[in-house]
Amino acid sequence: MWSNLPFDVLAKIFSFLSPDSLARARSTCRHWNACVDTYPIATSFILLSLHHRAWFLALPTRNRGQHCYVHNPVIDNWHLLSLDFLPDPVRPVASIGALILVRPTNCTVLQLALCNPFTRQFRYLPMSNISRTNPAVGVVTLDSVQHGPNPNFRVYVAGGMSEAPRGGAMYELKLEMYDSMDDTWHVVGFVPTEFAVRLTVWTPNESVYSNGVLYWMTSARAYSVMGYEIDGHRWRGFGVPMADKLEFAALLCRNGGLTLVGGASEGEACIWELKEGDRWGLIQKVPMEMGRKLLGGKRSWGSIKCVGSEEAIYLYKELGSGMVVWREMEEKARWAWFWIEGCHSIGGNQVPNLPIKGVFLHPNLFPFTF
């Protein structure tokens, strides 16, 4: 019976499968494999994104071989993915639906690329108009089909050091934007000198886009936030709560609004939301017992990292240390706290406890074409 079902019926059934289950399904027989190839839209980004949460992808921060680790939140297990298709070691900049924007670690001049670790695809973006080192990078997804194999997006590059006209280096004041629609870089404005310095020296190059504004967190204590209003071409800065006491701070986007996660010395980790007038409102605290478990008996939050999506916020440290998760429940009416065990072994093989950098992505098994 299953081998005789029409493709559109099979495609509807396949749309409820997670990517790892879909991969096993398509290897069952020629009929099922042909169905997945014939109806890629129905079985990929539109319906899968509705039925499944984003996955947590962990890349080792030190070059320990070309591989990464992925946590499937649906069935709560870990996978090992080979990255031997990458021409260079990379670090993640941002996720764009099913793709990861990365930059090679063996080059000081900014070079960006896209990769899909599940389809083993890799493509360099064109070089920007201005050769610069250590700029801040911001990403804006343009449409609602953001989990598809070919999302429309823009990349903004600000600050960094470029070559001075008479030799030496200078802070770069031109703001550049890459548009995936025409695969081209454009100079779209300028950055005030003060912001260019802060973007070059004090930001970790990670951005958050919310309500028409790109935000970056400064990494220098006391922490602060810089924002670029895209339509108005305006820059502004403002503070964060407990700025001089936070040992780590990260910006996220939750429910369309700007969210701040931070942990204070010998204190709790808290979550705030930005209100009108650049005011922060406390909305949650990390449960004390989960915080102690994550810190492993230490009192410092300095080694903690954080990554978030519209549906979840993860606090993590090393690969095997476990993660504290604040996640939206299925009924969409409330959020709850969970503990996720770290990755200790895969397929019976021991996994080293590596320092990692995490990103969220919606796995997609169909190739991007731009």
Closest non-hydrogen atom pair between [X] and [Y], with its separation:
X: Ala54; Y: Glu311; value: N-OE2, 2.5 Å
X: Gly237; Y: Phe195; value: N-CZ, 3.9 Å
X: Ala312; Y: Trp335; value: N-CH2, 3.7 Å
X: Gly262; Y: Leu246; value: C-CD2, 3.9 Å
X: Ala158; Y: Val191; value: CB-CG2, 4.0 Å
X: Gln111; Y: Pro104; value: O-CD, 3.1 Å

Donor-acceptor contact present, side-chain [X] to main-chain [Y], <3.5 Å:
X: Ser180; Y: Phe153; value: yes
X: Gln121; Y: Cys115; value: no
X: Thr61; Y: Pro355; value: yes
X: Asn116; Y: Leu99; value: no
X: Ser210; Y: Gly256; value: yes
X: Ser321; Y: Lys317; value: no

Going by salt bridge (charged side-chain N to carboxylate O under 4.0 Å, His left out), name the pairs with one or both residues in [range], residues two or more places apart or in two chains.
range: residues 172-182; result: Arg132-Glu176, Arg154-Asp179
range: residues 95-115; result: none
range: residues 337-351; result: Lys293-Glu341
range: residues 84-95; result: Asp84-Arg120

Which side-chain N or O atoms in residues 270-278 pair as donor and acceptor under 3.5 Å with protein atoms at least two apart or in another chain?
{"residue": "Glu273", "atom": "OE2", "partner": "Arg254", "partner atom": "NH1", "Å": "2.5"}
{"residue": "Asp278", "atom": "OD1", "partner": "Arg236", "partner atom": "NH1", "Å": "2.7"}
{"residue": "Asp278", "atom": "OD2", "partner": "Arg236", "partner atom": "NH1", "Å": "2.8"}

Original post:
Between Cys68 and Leu83, is a side chain to side chain contact (heavy atoms under 4.5 Å, CB included) present by the stated rule, with each step listed?
Top reply: CA-CA 7 Å; Cys68 65; Leu83 299 179; 3.9 Å; yes
Taking side chain to side chain donor-acceptor pair (under 3.5 Å) as the test, write out the residues that go with [X], two or more places apart.
X: Arg327; value: none
X: Lys285; value: Glu268
X: Glu194; value: none
X: Asp76; value: His71

Between [X] and [Y], is there a shared hydrophobic cluster once you connect ILVMFWY residues whose side-chain heavy atoms come closer than 4.5 Å?
X: Val90; Y: Val70; result: yes
X: Leu354; Y: Ile340; result: yes
X: Val197; Y: Met170; result: no
X: Tyr215; Y: Val240; result: yes
X: Val359; Y: Phe85; result: yes

Spacing of [atom1] belonging to [X] relative to [atom2] belonging to [Y], to within rounding of 0.5 Å:
X: Ile100; Y: Ser95; atom1: CD1; atom2: OG; value: 7.5 Å
X: Trp339; Y: Met323; atom1: CH2; atom2: CE; value: 9.0 Å
X: Glu328; Y: Glu310; atom1: CD; atom2: CD; value: 9.0 Å
X: Cys343; Y: Gln350; atom1: SG; atom2: CD; value: 9.5 Å
X: Tyr209; Y: Leu251; atom1: OH; atom2: CG; value: 15.5 Å
X: Asn129; Y: Trp185; atom1: CG; atom2: CH2; value: 8.5 Å

Does any part of the side chain of [Y], heavy atoms only, come nearer than 4.5 Å to the side chain of [X], both counted from C-beta?
X: Leu57; Y: Pro117; value: yes
X: Val157; Y: Ser128; value: no
X: Asn134; Y: Met161; value: no
X: Leu294; Y: Arg292; value: no
X: Val208; Y: Leu258; value: yes
X: Asn152; Y: Thr141; value: no
X: Pro241; Y: Leu282; value: no
X: Leu101; Y: Val139; value: yes

**OP:** Applying side chain to side chain contact (heavy atoms under 4.5 Å, CB included), run through Val213 and Ile230 and close with a yes or a no.
**Re:** CA-CA 6 Å; Val213 182; Ile230 293 176; over 6 Å; no
Subject >> Trace of the side chain to side chain contact (heavy atoms under 4.5 Å, CB included) decision for Trp280 with Phe238 >> reply: CA-CA 11 Å; Trp280 293 98; Phe238 53 94; 3.7 Å; yes
Original post:
Looking at residues at least two apart in the chain, or sitting in another chain, which of them share a salt bridge (charged side-chain N to carboxylate O under 4.0 Å, His left out) with Glu229?
Top reply: Arg234
Subject >> Residues which pass side chain to side chain contact (heavy atoms under 4.5 Å, CB included) with Leu80, listed by chain and number, not counting sequence neighbours >> reply: His67, Tyr69, Ile346
Original post:
Does the pair Tyr156 and Val137 meet the rule for a side chain to side chain contact (heavy atoms under 4.5 Å, CB included), with working shown?
Top reply: CA-CA 6 Å; Tyr156 290 82; Val137 180; over 6 Å; no
Original post:
Does the gap between the ring centers of Trp55 and Phe118 come in under 6.0 Å?
Top reply: yes
**OP:** Indicate whether the side chain of Thr203 and that of Thr218 have a donor and an acceptor atom separated by less than 3.5 Å.
**Re:** no
**OP:** May I ask you to check whether over 12 heavy atoms, not counting those of Trp337, lie within 6.0 Å of atom CH2?
**Re:** yes
**OP:** Take Tyr178 and His186 through the test side chain to side chain donor-acceptor pair (under 3.5 Å) and record every step on the way to the result.
**Re:** CA-CA 6 Å; Tyr178 168 82; His186 310 268; over 6 Å; no
Subject >> Pairs meeting criterion ring-ring contact (aromatic ring centres under 6.0 Å, His included) with involvement of residues 290-320, two or more places apart >> reply: Phe56-Tyr314, Phe56-Tyr316, Tyr314-Phe360
